[in-house]
Chemist: 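Sharing a structure below in structure tokens format, with a few things to ask.
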Amino acid sequence: MSERDDEEREFDITWADGAEHKEPSARARMLAARWKENPPGPVPFRADPEHVGSARRSSWVSTAVVLGCVAAVIVLLGYINFRAPY
């Protein structure tokens, strides 16, 4: 086959989907072999959190921290520009 034939050939998803045989990935083969002897049990979609609100900060505290950081950066940049010799 020449390089010209390769350029004219078009490979797309419909061509790949039309393949006669698709070999499963190594992970899929490993899981299939493992699950044949020991199938997995049912798992809930999401586990219930144990500590729902104890570790989270309230939204106003987070907002105050962000605004405080922004104000500190503005003051720092203003101080640098004030002291810069021109």
Side-chain angles (χ1 to χ4, degrees):
M1 290 181 32
S2 68
E3 290 182 24
R4 186 172 182 207
D5 291 339
D6 289 340
E7 291 174 1
E8 292 176 0
R9 192 172 300 172
E10 182 178 336
F11 298 100
D12 58 3
I13 191 70
T14 57
W15 175 82
D17 286 341
E20 291 181 23
H21 177 71
K22 294 181 183 177
E23 183 177 337
S25 67
R27 179 168 173 76
R29 291 190 306 266
M30 178 200 64
L31 289 175
R34 183 184 300 169
W35 289 347
K36 185 179 279 187
E37 296 174 5
N38 187 13
V43 178
F45 178 70
R46 287 195 177 133
D48 293 331
E50 294 176 10
H51 305 287
V52 173
S54 61
R56 292 185 57 151
R57 287 189 227 173
S58 64
S59 63
W60 70 269
V61 173
S62 298
T63 302
V65 168
V66 170
L67 291 177
C69 290
V70 169
V73 168
I74 290 171
V75 168
L76 179 66
L77 291 175
Y79 178 72
I80 291 171
N81 286 335
F82 181 71
R83 296 208 13 121
Y86 284 113

Chemist: Test of understanding: with salt bridge (Lys or Arg N to Asp or Glu O under 4.0 Å), list the residues that count as partners of E23, not counting sequence neighbours.
Modeler: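 Applying salt bridge (Lys or Arg N to Asp or Glu O under 4.0 Å) to E23 gives R29.
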
Chemist: Which atom pairs, one a donor and one an acceptor, fall under 3.5 Å between side chains of residues 31-44 and the rest of the protein, sequence neighbours left out?
Modeler:
none

Chemist: By the rule that ILVMFWY residues connect when side-chain heavy atoms come within less than 4.5 angstrom, directly or transitively, which residues belong alongside V75?
Modeler: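 None; V75 is a cluster of one.
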
Chemist: Only one of L67, V65, V66 forms a side-chain contact (heavy atoms from CB on, under 4.5 Å) with T63, so which one is it?
Modeler: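 Of the listed options, the one satisfying the test is L67.
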
